[in-house]
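All remarks here apply to the structure that follows.
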Amino acid sequence: MSLDLVSANPFDQFDLDESETPFLPSTPDYALEDDVFSEIEDHSSLGHAAVFDAEESRAKALTSLIEIQEAAVTHGIDPLLILAGAGTGKTKSLTSRIGFLVGSQRVQPHQVLAVTFTRKASQEMKHRLAAMMGPVAKAMDVGTFHAISARLLRDNADRAGLEPNFSVLDADDQKNVVKDCYASLSYGEHIIPPDSTDSRRQVDYAFILDCIEAKKTGRGFPPNFNRGTFLTPHGIEQMYHRYERSKERMNAVDYNDILIKCRDLLRDDEAVRRYYQTLWRAVLVDEYQDTNDIQQEWLDLITDHGQGCYFTCVGDDDQSVYSFRGANIDNILSFADRYPGARIIRLEQNFRSTRAILDAANHVIAGNESRHGKALFTKGTQGSPVLVHEFSEDRGEVSWIVDDIERKLKGGMRPSQIAIISRASMELNGFQPALTMRRVPFTVTAGRKYNQTAEIKTLSAYLRLMLNRSDNAAFEYAIDAKPRGFGKESLAKLSDTARITELPMIDILADQIRNGAIRKAAVEKVKAFIEFIDEIGDDYRLGVPLDEVIRKVIAECGIKEHVQELREKAENQSDRKKADQFRKQASAIEERVEQYLFHAKEQTNIQDFVDSMSLLETDSSVDDAVWLGTIHAAKGLEFDYVYLVGWEEGIFPVVRPDTDLEEERRLAYVAMTRAKLSLLISYAKSRINRTNDGSERRPNVYINDIIEANLCTFKQFH
DNA sequence: TTCTATGAAATTTTT
DNA sequence: TTTCATAGAA
């Protein structure tokens with residue numbers, strides 16, 4: 001049976017009168033523009049050729065599900081919350097539900113919206129959907145909250161009060177904007193001059209940004225907001241306004257803005273809201289426990305408070321670990337209150353870990369009060385006991401674990417089956433040299449790795465500036481990409497002028513060149529830079545392919561010179577090791593640039609491309625390597641052998657005035673449930689590189705809990 | 001003023 | 001390991 005895309009929509013009655021929706025010609029057709037989808041349409045209009053076999057898809061969606069999963073997958077139209085514990089087939093249930101809804105023709109493929117939090121998760125879901133249903137999966141809207149919202153804003157930019165070519169600022173851009181704003185404040189009223197005791201401390205721009213974001217999302221300032229900022233309360237207020245104004249001037253938005261502006265648009269513009277409510281007949285949310293208040297509102301608007309469509313959320317309140325980013329666990333805890341008639345289905349059968357591991361994890365998480373309450377079970381074996389090891393110092397912890405890993409590798413285990421996981425990335429530092437020394441391959445997934453490399457940022461900055469001349473953050477990055485005789489001082493002045501005149505920096509600069517107001521030493525190069533930006537802009541508008549444009553940028557922006565320089569350094573270097581390092585660096589840059597070009601060729605929409613590049617993770621991971629990372633980074637992953645390190649009171653749970661102990665406990669639960677076969681938890685009684693009073697460190701509460709309950713084997717090493 | 005080299009400091013978690 | 005600040009040369 002082939003899917004008829006023209007009729008058989010049970011929601012035809014909801015369709016909007018076209019006259020009400022003047023924006024319809026531009027917005028509604030993204031799904032239909034898709035190659036695959038139009039192909040399907042062609043076939044179905046011919047009457048026969050079943051490109052998409054609904055019956056088969058439905059059958060596929062229902063295979064190899066256990067009873068409770070099937071209940072979730074086949075649930076009707078009432079709002080549904082699938083409480084899926086770790087390792088209980090969460091993503092499988094979600095994709096199967098999509099397959100079921102489409103396969104049973106309750107909704108059509110292009111009426112499906114599936115939102116995730118991370119790029120990786122949306123990638124994964126796309127793959128699974130494609131595997132289950134074939135090319136028709138491409139017709140579905142699958143993406144992160146941010147990606148979907150950004151597209152929605154671009155498609156309705158005029159209605160959202162934006163230019164359609166708005167830029168998206170990444171974390172670095174945000175920080176730079178904050179820096180500029182800070183520099184524009186005057187001492188006295190806004191800034192307390194640092195006194196002698198803290199004169200050496202520098203301004204913490206990231207913290208100022210936190211304050212701004214906190215204010216924006218209505219969370220109120222962190223308690224001690226002038227620590228490291230030297231700002232008066234009034235100064236913070238000023239910073240907030242200037243920051244917002246700067247972005248407006250730049251025709252740019254930050255991550256929060258994407259969600260906020262999208263929420264506002266949906267809330268305030270009835271036609272837009274109704275359009276998307278009508279378009280998306282099935283709305284599915286992954287990792288629902290991580291939604292913040294804005295995302296929750298967004299979902300209510302999109303789904304008409306869960307009543308207008310197949311609204312399905314999958315999540316685990318016990319794995320809510322992003323409150324520092326605004327995630328509100330109450331969203332998942334009060335699902336039933338928010339959506340009357342909602343059904344909650346618990347998935348508690350775990351397919352990942354041994355019973356020993358699950359028993360310990362269950363016991364730890366049971367110590368929390370605010371939760372729906374679940375207990376994982378398995379039909380698998382007991383497995384070897386959870387191990388808790390005490391070391392006298394962190395060096396011992398490192399060397400013992402690395403020894404143990406070496407033993408495992410000699411015993412035939414693959415490095416990729418093994419993970420070392422810590423609360424904060426700092427605790428991983430000791431492992432890297434030790435693993436290198438023993439030639440154990442490893443990859444680190446922590447903190448800064450997500451930041452884009454310099455070359456890619458440079459390329460993106462050029463493109464952003466080309467698309468949006470007002471993007472001062474991109475301008476500052478691009479003009480600084482290579483020596484142009486135009487440095488910090490000049491940039492600061494230009495930034496001031498830009499703030500006063502509210503004109504794009506690049507235009508002011510062009511003007512100053514015409515008026516001869518630029519230093520002789522800089523004139524030629526700066527002029528060439530501006531002309532180059534104009535030139536690629538013209539190229540692009542005339543239809544030169546994006547990868548051609550990028551090639552031009554690569555030739556201009558100094559990357560080639562930099563690579564060349566590294567190669568020369570390698571030649572002139574007598575130290576073989578250092579020479580190799582230079583060569584490696586050079587090839588790494590070239591490789592990344594190649595990859596960027598490759599992505600550029602794939603993309604049809606340049607805005608999507610530029611947006612996504614600012615978030616693309618650097619995927620230089622080795623294939624078969626021991627995985628090192630934080631608990632947050634490990635969420636969603638699984639390994640046969642897991643080492644959880646640094647489980648000392650004070651390090652984990654972290655000590656901060658606003659530490660949420662229930663969230664820390666959830667982190668412990670997330671960490672423990674990563675392990676499939678074997679779990680080892682360790683702590684050290686002393687840790688260098690950590691300022692403390694010299695007293696002995698103690699194991700954390702979670703360790704005590706499982707020791708007391710006799711759920712582990714405890715050993716001391718000295 | 002700009003740019004480079006050198007040394008010091010700093011590190012929760014991230015879309 | 002990476003980022004940041006400062007000093008000194010051009």
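Within every chain, numbering begins at 1; the chains are lettered A, B, ... in the order of the sequence lines, protein sequences first and strands thereafter.
- Taking the six-membered ring for Trp and thresholds of 30 and 60 degrees, F652(A) and Y702(A) have ring planes inclined between 30 and 60 degrees apart.
- Look at NZ on K482(A): it is 12 Å from P on dC3(B), rounded to the nearest Å.
- Nearest to the side-chain atoms of P483(A) among the listed nucleotides dT11(B), dT14(B), dT4(B) stands dT4(B).
- Proximity of T118(A) to the phosphate of dT14(B): no side-chain N or O atom is located under 4.0 Å from OP1 or OP2.
- Listed nucleotides: dT13(B), dT14(B), dT15(B). Nearest to the side chain of S425(A): dT13(B).
- Taking the nucleotide of DNA chain B with the nearest heavy atom to each of V321(A) and K493(A), the more 5' of the two is matched to K493(A).
- The side chain of E489(A) approaches dT2(B) more closely than any other nucleotide in the set dC3(B), dT11(B), dT2(B).
- The CG-C1' distance, from L644(A) to dT13(B), rounds to 16 Å in whole Å.
- Among the protein residues, R519(A) comes within range of the sugar-phosphate backbone only, with heavy atoms under 4.0 Å from sugar or phosphate atoms but none that close to a base.
- Going from atom CD of Q123(A) over to atom P of dT15(B) covers 14 Å, rounded to whole Å.
- Counting to the nearest Å, the C1' atom of dT11(B) and the NZ atom of K175(A) are 12 Å from each other.
- Under the side-chain hydrogen bond (donor to acceptor under 3.5 Å, both in side chains) rule, K635(A) has a single partner from T673(A), D290(A), T630(A), which is D290(A).
- Spacing between atom OH of Y288(A) and atom P of dT15(B) amounts to 21 Å, rounded to whole angstrom units.
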Derivation and outcome, side-chain contact (heavy atoms from CB on, under 4.5 Å), residues F166(A) and K261(A): CA-CA 12 Å; F166(A) 66 82; K261(A) 285 184 191 298; over 6 Å; no
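- Salt-bridge check for E662(A) with R665(A): failed, with every basic side-chain N at 4.0 Å or more from each acidic carboxylate O.
- Atom NZ in K457(A) sits about 13 Å away from atom P in dT2(C), given to the nearest Å.
- Between I421(A) and R674(A) there is a side-chain heavy-atom pair separated by less than 4.5 Å.
- Spacing between atom NZ of K520(A) and atom C1' of dT1(B) amounts to 15 Å, rounded to whole angstrom units.
- For the P atoms, the distance from dT14(B) to dT3(C) is 15 Å, rounded to whole Å.
- Listed nucleotides: dT13(B), dC4(C), dT1(C). Nearest to the side chain of Q432(A): dT1(C).
- Taking atom CD on Q295(A) and atom C1' on dT15(B), their separation rounds to 8 Å, with Å as the unit.
- Between E663(A) and S490(A), the one whose closest nucleotide on DNA chain B sits nearer the 5' end is S490(A).
- The side chain of K635(A) places no N or O atom within less than 4.0 Å of a non-bridging phosphate oxygen (OP1 or OP2) of dT15(B).
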